[in-house]
Number of protein chains: 2
Amino acid sequence: MTSPGEPGPGTFTYAYPRPALTVDCVVFGLDVDDLKVLLIQRRLEPHQHMWALPGGFVRLDETLPDAARRELAEESGITDVYLEQLYTFGALDRDPRERVVTVAYYALAKLSDHRIRAATDAERVAWFALDGLPRLAFDHAKIVERAIERLRGKVRYAPVGFELLPPRFTLTQLQRLYEIILMQPLDKRNFRKKLLSMDLLIETDEVEQGVRHRAARLYRFDKKKYEKLTRQGFSFAI
Amino acid sequence: MTSPGEPGPGTFTYAYPRPALTVDCVVFGLDVDDLKVLLIQRRLEPHQHMWALPGGFVRLDETLPDAARRELAEESGITDVYLEQLYTFGALDRDPRERVVTVAYYALAKLSDHRIRAATDAERVAWFALDGLPRLAFDHAKIVERAIERLRGKVRYAPVGFELLPPRFTLTQLQRLYEIILMQPLDKRNFRKKLLSMDLLIETDEVEQGVRHRAARLYRFDKKKYEKLTRQGFSFAI
DNA sequence: GCATCTTAGTGTACAACATACACTAATAAC
DNA sequence: GTTATTAGTGTATGTTGTACACTAAGATGC
């Protein structure tokens with residue numbers, strides 16, 4: 001059913017029509033006091049010059065998460081993120097050209113780690129605060145909305161928040177992270193009590209640098225122990 | 001990019017190769033004392049005569065959930081189920097013929113409601129207990145496994161269990177349902193206390209029929225009220 | 001080196017919720 | 001009316017969540 005001709009456009013023929021299949025990524029990054037999303041400005045039609053999620057067509061020789069990572073790297077330069085499937089969007093009219101089904105992923109990136117740079121289909125790349133998003137191409141606003149919902153849910157019963165922080169962090173940074181994602185203030189003593197009682201934070205002998213007040217102790221998350229406990233039925237909860 | 005020729009096989013050509021896109025459904029039904037999954041026996045290659053999940057190719061003029069419902073109705077005769085997207089599976093070798101990406105759905109059906117009957121691609125249709133599943137075609141065992149995980153998670157913080165019961169049910173039936181899905185015994189008094197304290201069960205003036213002991217009162221779930229409370233931030237939990 | 005500023009770090013009392021547990025009441029069947 | 005079976009109910013205890021405010025440490029500027 002498929003005719004040959006590997007790289008570059010060719011002619012591929014099938015007995016039944018097929019939707020195009022793409023992946024799109026909602027990449028979250030934690031800034032000083034808000035949560036940001038990575039967007040690219042489209043170089044090409046449709047929706048030329050509009051802001052959109054990084055993403056693109058799935059190739060036959062790559063899995064869905066591979067496609068998501070490739071597109072992310074190509075269009076924005078971002079690599080090494082925590083990536084998880086979000087939802088598959090298939091409304092009939094979500095792309096003006098033809099039927100396109102997209103598998104959306106969401107990713108958590110450490111903002112400071114990444115020098116973003118636009119390339120391939122992207123004219124520009126930038127981080128946008130969640131409450132200051134521009135109008136987005138296609139149904140990408142819906143996808144972002146769903147990703148936020150999911151992140152808010154997930155962060156409460158899985159330790160994904162650590163993916164947004166540097167490997168060593170203070171308890172105050174961790175608390176700010178939860179406050180930003182959940183959009184509600186948390187009590188300092190109760191927060192520390194809960195987190196420390198899980199016994200998944202390892203106290204290091206370092207303190208934060210470059211602050212102009214008493215420096216806070218740095219902790220790391222004990223991922224190994226978390227995975228072990230999880231296998232034994234433990235469940236993380238904030 | 002697409003050439004015409006609507007129903008029946010034709011010739012559809014594209015500039016780049018495309019994976020085939022299918023949907024598959026994991027339909028759960030509640031039996032007297034276990035949870036069952038609906039399977040079909042494949043009439044066609046590949047994996048001819050093997051048991052598999054109902055599902056099939058997505059047409060260009062239907063949404064993903066529409067495709068799932070259509071395939072379910074065609075192959076098994078089941079309609080009117082609670083349907084929710086589960087996950088999209090895209091491993092390179094999940095179908096021996098060619099690259100096929102499938103959007104999996106899970107569905108909750110009231111066992112008694114449905115006269116199942118095989119048709120189209122299905123040689124037979126049957127309900128199988130979860131702990132007595134036959135070897136399944138493709139990666140369908142993985143899909144079922146993931147669906148069970150999801151159901152177990154979901155049932156704890158969303159009132160989806162009611163989709164498996166008749167509209168009027170006894171508290172004992174409801175408790176059995178949770179015990180079966182969660183695979184753990186629950187305390188009768190505590191269970192009733194918790195459920196009734198949410199104030200989402202409406203006591204009817206009917207009692208169950210045809211039992212040879214004291215008949216239990218029938219209740220209904222107040223879906224309207226649940227939706228209203230949910231919008232106000234309430235969250236269901238068992 | 002002292003005063004000031006800023007954040008780090010800590011404990012307790014009370015309320016809410018989860019858990020463990022056993023008997024009487026109602027109805028059907030005979 | 002006797003028996004069998006499930007319905008239906010409350011309380012005491014432990015565990016967890018919540019509300020709340022001060023002292024300690026270190027950095028900075030004088």
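Numbers restart at 1 for each chain; the letters A, B, ... are given by sequence-line order, proteins then strands.
Taking a 4.0 Å limit (strictly below) on heavy-atom distances, residues 182-189 of chain A reaches DNA chain C at A:Lys188, A:Arg189. Using a 4.0 Å cutoff on non-hydrogen atoms, the parts of residues 208-222 of chain A near DNA chain D are A:Val211, A:Arg212, A:His213, A:Arg214, ordered by number. Within a heavy-atom distance below 4.0 Å of DNA chain D, no residue of residues 231-238 of chain A is found.
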### Task
Please lay out, stage by stage, how A:Tyr219 and A:Thr204 fare under the test side chain to side chain contact (heavy atoms under 4.5 Å, CB included).
CA-CA 5 Å; A:Tyr219 289 80; A:Thr204 71; 5.8 Å; no
#### Entry: Working for side chain to side chain donor-acceptor pair (under 3.5 Å), residues A:His49 and A:Glu123
CA-CA 7 Å; A:His49 309 312; A:Glu123 207 162 86; 3.2 Å; yes
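Here B:Phe162 and B:Phe169 bring their ring centres to under 6.0 angstrom of each other. The ring of A:Phe234 has its center no closer than 6.0 angstrom to the ring center of A:Phe236.
The main-chain N or O of A:Ala91 is never found under 3.5 Å from a side-chain atom of B:Thr63 such that the two would form a donor-acceptor pair.
Atoms CG (A:Asn190) and P (C:dA16) sit 15 Å apart, rounded to a whole Å.
Using the six-membered ring where Trp is involved, A:Tyr226 and A:Phe221 have ring planes that are tilted, between 30° and 60° apart. Between A:Phe138 and A:His140, the two ring planes are tilted [angle within 30° to 60°].
With contacts defined as side-chain heavy-atom distances shorter than 4.5 Å, the pair B:Leu151/B:Leu35 qualifies. Contact annotation: the side chain of B:Arg220 never approaches that of B:Pro167 to less than 4.5 Å [non-hydrogen atoms, C-beta and beyond].
In this model, the phosphate group of C:dT7 is not approached by any side-chain N or O of A:Thr172 to a distance below 4.0 Å at OP1 or OP2.
Residues satisfying the side chain to side chain contact (heavy atoms under 4.5 Å, CB included) test with B:Lys188, not counting sequence neighbours, are B:Gln175, B:Arg192.
The two residues B:Leu53 and B:Leu39 make their nearest non-hydrogen contact at CD2-CD2, 3.9 Å. Nearest heavy atoms, A:Pro65 versus A:Leu83: O-CD2, 3.8 Å.
In this model, no side-chain donor or acceptor of B:Lys194 finds a partner on the base of C:dT19 within 3.5 Å.
Sorted by first and then second residue, the side-chain hydrogen bond (donor to acceptor under 3.5 Å, both in side chains) pairs with a member in residues 154-170 of chain A read A:Glu84-A:Lys154, A:Arg168-A:Glu206; sequence neighbours excluded.
Counting 5' to 3', DNA chain D first comes under 4.0 angstrom of a heavy atom of chain B and last does so at the ends given by D:dT5 to D:dT11.
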